[in-house]
There are 2 protein chains.
Amino acid sequence: MDAKHPVQTTEKTLALIEQLIEGGPYGVTELSHELDMGKSAVHNHLTTLQSHGYVLKADGEYRLGLKFLEIGGHIRKSMEFYEVAEPEVKALAAETGELANLLVEEQGVGVYLMRAKGDDAVDLDTYAGLRTNLHTTALGKVILANLPESRVEEIIDQHGLETKTPKSVGTRDELFDVLDDVRERGYAIDDGERLEGLRCLAAPVKASSGAVLGAISVSAPASRVSDEDLHGALPERVLSAANVVELNINY
Amino acid sequence: MDAKHPVQTTEKTLALIEQLIEGGPYGVTELSHELDMGKSAVHNHLTTLQSHGYVLKADGEYRLGLKFLEIGGHIRKSMEFYEVAEPEVKALAAETGELANLLVEEQGVGVYLMRAKGDDAVDLDTYAGLRTNLHTTALGKVILANLPESRVEEIIDQHGLETKTPKSVGTRDELFDVLDDVRERGYAIDDGERLEGLRCLAAPVKASSGAVLGAISVSAPASRVSDEDLHGALPERVLSAANVVELNINY
DNA sequence: ATAAGCGTTCTGCCTTAGAGAACAGAACGT
DNA sequence: ACGTTCTGTTCTCTAAGGCAGAACGCTTAT
């Protein structure tokens with residue numbers, strides 16, 4: 001939703017921050033060209049951000065500081081869901097030896113809260129804070145499957161069904177069929193849809209109200225996950241982890 | 001350093017964000033009282049932040065979203081030092097079974113980039129992004145010891161020498177004596193200074209230029225770290241980890 | 001030396017942020 | 001059902017201040 005009465009000055013500051021995220025470090029002149037702002041305006045914004053710790057100057061160039069990490073870390077730490085789930089996800093990674101992930105939905109997209117690597121884990125370039133379309137991962141699908149249908153429609157309308165690989169779900173009907181399966185099974189599977197050769201299994205974490213809080217998954221190369229595992233031992237283990245989190249949250 | 005020509009509108013937005021960090025979720029009216037701003041101003045700022053994903057509205061209340069985690073994660077991931085050091089710190093935690101940490105200096109304070117927990121690790125409430133005064137931890141001391149003396153003076157002037165426990169260094173002279181020791185030994189020790197019963201050992205990671213990039217540490221309860229360990233096997237292991245990082249960074 | 005680049009400062013016009021009032025809706029106790 | 005009192009949101013108008021553009025000091029290249 002767009003703001004009815006946006007604070008334009010703030011939007012300029014945010015545009016500047018977004019630019020610094022993309023590339024950088026930047027000089028004042030460079031940024032002023034990039035953003036179509038006067039040099040003085042850019043300078044004023046940068047020094048303001050700097051005095052509050054959001055931006056640093058080194059060798060005459062400006063870049064973002066670690067204040068964003070501090071704020072992000074603080075926000076994550078204040079989430080009960082994260083605090084309860086974190087040890088379970090780590091345990092899951094340690095026991096399976098693979099990559100375990102924790103995802104929540106925010107504004108219709110998935111946000112990774114953390115990942116934990118087991119001894120043999122593949123090294124995807126996911127990281128805490130990374131956003132992903134919900135329909136492209138097992139984690140996302142298991143969340144979509146537990147949202148009201150109307151909300152799913154909203155999310156599709158807003159974010160589309162952009163597809164990463166030929167195997168991905170590409171149409172609305174296809175997605176709803178998949179979500180039906182997920183609901184029936186209780187977990188979601190991604191067999192090479194996001195990344196060729198990568199198998200992924202996700203289970204939902206639900207509050208006592210039935211609302212979905214997030215999802216837990218394990219990702220592993222297909223070579224190490226047999227078809228039997230994929231429908232036997234693995235879902236059992238992931239569902240059990242999700243269940244422990246549910247119990248700990250709902251006391 | 002304060003901005004010469006601060007963008008006051010941006011400062012109001014930042015004040016609002018800082019307030020949302022502290023507590024929340026907040027309503028518009030509540031925030032307008034807290035920050036001495038009109039309701040319309042608060043509302044305009046909040047909706048502007050919301051439309052850019054920084055703030056979320058749920059049940060009529062506003063709170064910060066995970067965009068900060070995304071930005072922070074992105075910034076951290078783009079730091080070569082972090083990318084190289086991260087696997088070493090994890091290995092250190094796994095091998096020792098204790099808590100391993102990674103810290104960098106920014107604007108005169110220490111910022112934890114990550115922590116990794118071994119099987120027996122104590123659970124301190126540090127987290128990625130957390131800030132700490134440099135003189136209060138082994139990590140910080142090992143960084144101070146590798147900065148130019150003039151810079152150390154600056155940092156003390158700016159941040160003081162506030163002390164957490166009676167054992168901490170409390171005076172300028174005492175600190176410089178400690179830093180001399182650290183330089184001589186090559187690593188820093190914190191024996192219950194920050195937290196009673198907690199022993200901590202830190203080693204610096206330096207660029208080929210000699211500039212200190214950050215520090216690696218292991219924290220463990222005193223009951224599990226004998227005096228011999230503290231000056232024998234443990235520093236050897238931590239220094240080795242720091243050394244590997246140095247080699248990987250300097251190719 | 002000269003020039004061309006940078007970041008920073010300055011000034012004054014004119015955009016615009018925001019106080020305050022008005023409004024719509026929800027949540028109360030009566 | 002009713003008025004009351006919260007809330008978040010919209011509106012208007014004017015004083016405040018953002019910022020374009022010019023000028024300045026500095027470093028680096030020619």
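Basis for what follows: all heavy atoms, side chains included, without hydrogens, waters or symmetry-related copies. The sequence lines fix the lettering, A, B, ..., with proteins before strands; numbering per chain opens at 1.
Atom CG of Leu35(B) is separated from atom C1' of dG18(C) by 14 Å (rounded to the nearest Å). Taking atom OH on Tyr26(B) and atom C1' on dG8(D), their separation rounds to 18 Å, with Å as the unit. Between Asn44(A) atom CG and dG7(C) atom P the separation is 14 Å, expressed in whole Å. In this structure, CE of Met37(B) is placed 11 Å from C1' of dA19(C), rounded to the nearest angstrom. Here the C1' atom of nucleotide dT9(D) and the CD atom of Gln50(B) are 13 Å apart, to the nearest Å. Atom CG in Asp59(A) sits roughly 11 Å away from atom P in dT28(D) (whole-Å rounding). Atom-to-atom, NE2 of His33(B) to P of dG8(D) comes out at 10 Å; the value is rounded to the nearest Å. The CG-P distance, from Leu46(A) to dG18(D), rounds to 15 Å in whole Å.
When the nucleotides dC11(D), dT9(D), dT8(C) are ranked by their closest atom to the side chain of Lys57(A), dT8(C) comes out on top.
Contact of the Glu105(B) side chain with the Leu144(B) side chain is not registered, since no non-hydrogen atoms from C-beta on lie closer than 4.5 Å. Side-chain contact between Asn44(A) and Thr10(B) is absent, with no heavy-atom pair separated by less than 4.5 Å. Contact annotation: the side chain of Leu139(B) approaches that of Asn101(B) to within less than 4.5 Å [non-hydrogen atoms, C-beta and beyond]. Within the 4.5 Å cutoff, side-chain heavy atoms of Val245(B) are placed close to those of Phe81(B).
Here the side chain of Arg76(A) pairs no donor or acceptor atom with the backbone of Leu69(B) at under 3.5 angstrom. The main-chain N or O of Thr136(A) is never found under 3.5 Å from a side-chain atom of Arg194(A) such that the two would form a donor-acceptor pair. Using a distance-only test at 3.5 Å, with no hydrogens or angles considered, a donor-acceptor pair links the side chain of Thr48(A) to the main chain of Val7(B). Side-chain atoms of Arg115(A) come within 3.5 Å of backbone N or O of Thr126(A) as a donor-acceptor pair.
In terms of phosphate contacts, His45(A) brings a side-chain nitrogen or oxygen within less than 4.0 Å of OP1 or OP2 of dC19(D). Dashed line: the shortest gap from a side-chain N or O of His43(A) to OP1 or OP2 of dG7(C) is not under 4.0 Å. OP1 or OP2 of dT8(C) sits under 4.0 Å from a side-chain N or O of Tyr62(A).
The bend of the helix from dA1(C)-dT30(D) to dC28(C)-dG3(D), defined by the angle between the axes of its first five and last five pairs, stands at 30° to the nearest 10°.
The stretch residues 6-18 of chain A touches DNA chain C through Pro6(A), Val7(A), Gln8(A), Thr9(A), each having a heavy atom under 4.0 angstrom from the strand.
We find that Glu70(B) and Lys67(B) are not joined by a salt bridge, their nearest charged nitrogen and carboxylate oxygen being 4.0 Å or further apart.
The residue among His5(B) and His5(A) whose nearest nucleotide of DNA chain C is located toward the 5' end is His5(B). Heavy-atom distances to DNA chain C give each of Thr29(A) and Asp36(B) a nearest nucleotide, and the one nearer the 5′ end belongs to Thr29(A).
Classified by interplanar angle (parallel below 30°, tilted 30° to 60°, perpendicular above 60°), the ring pair Tyr54(B)/Phe68(B) is perpendicular.
A donor-acceptor contact closer than 3.5 angstrom is absent between the side chains of Thr137(A) and Thr132(A). A donor-acceptor pair shorter than 3.5 Å cannot be found between the side chains of Glu34(A) and Tyr26(A).
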Under-3.5 Å N/O pairs linking protein and nucleotides 21-27 of chain C:
none

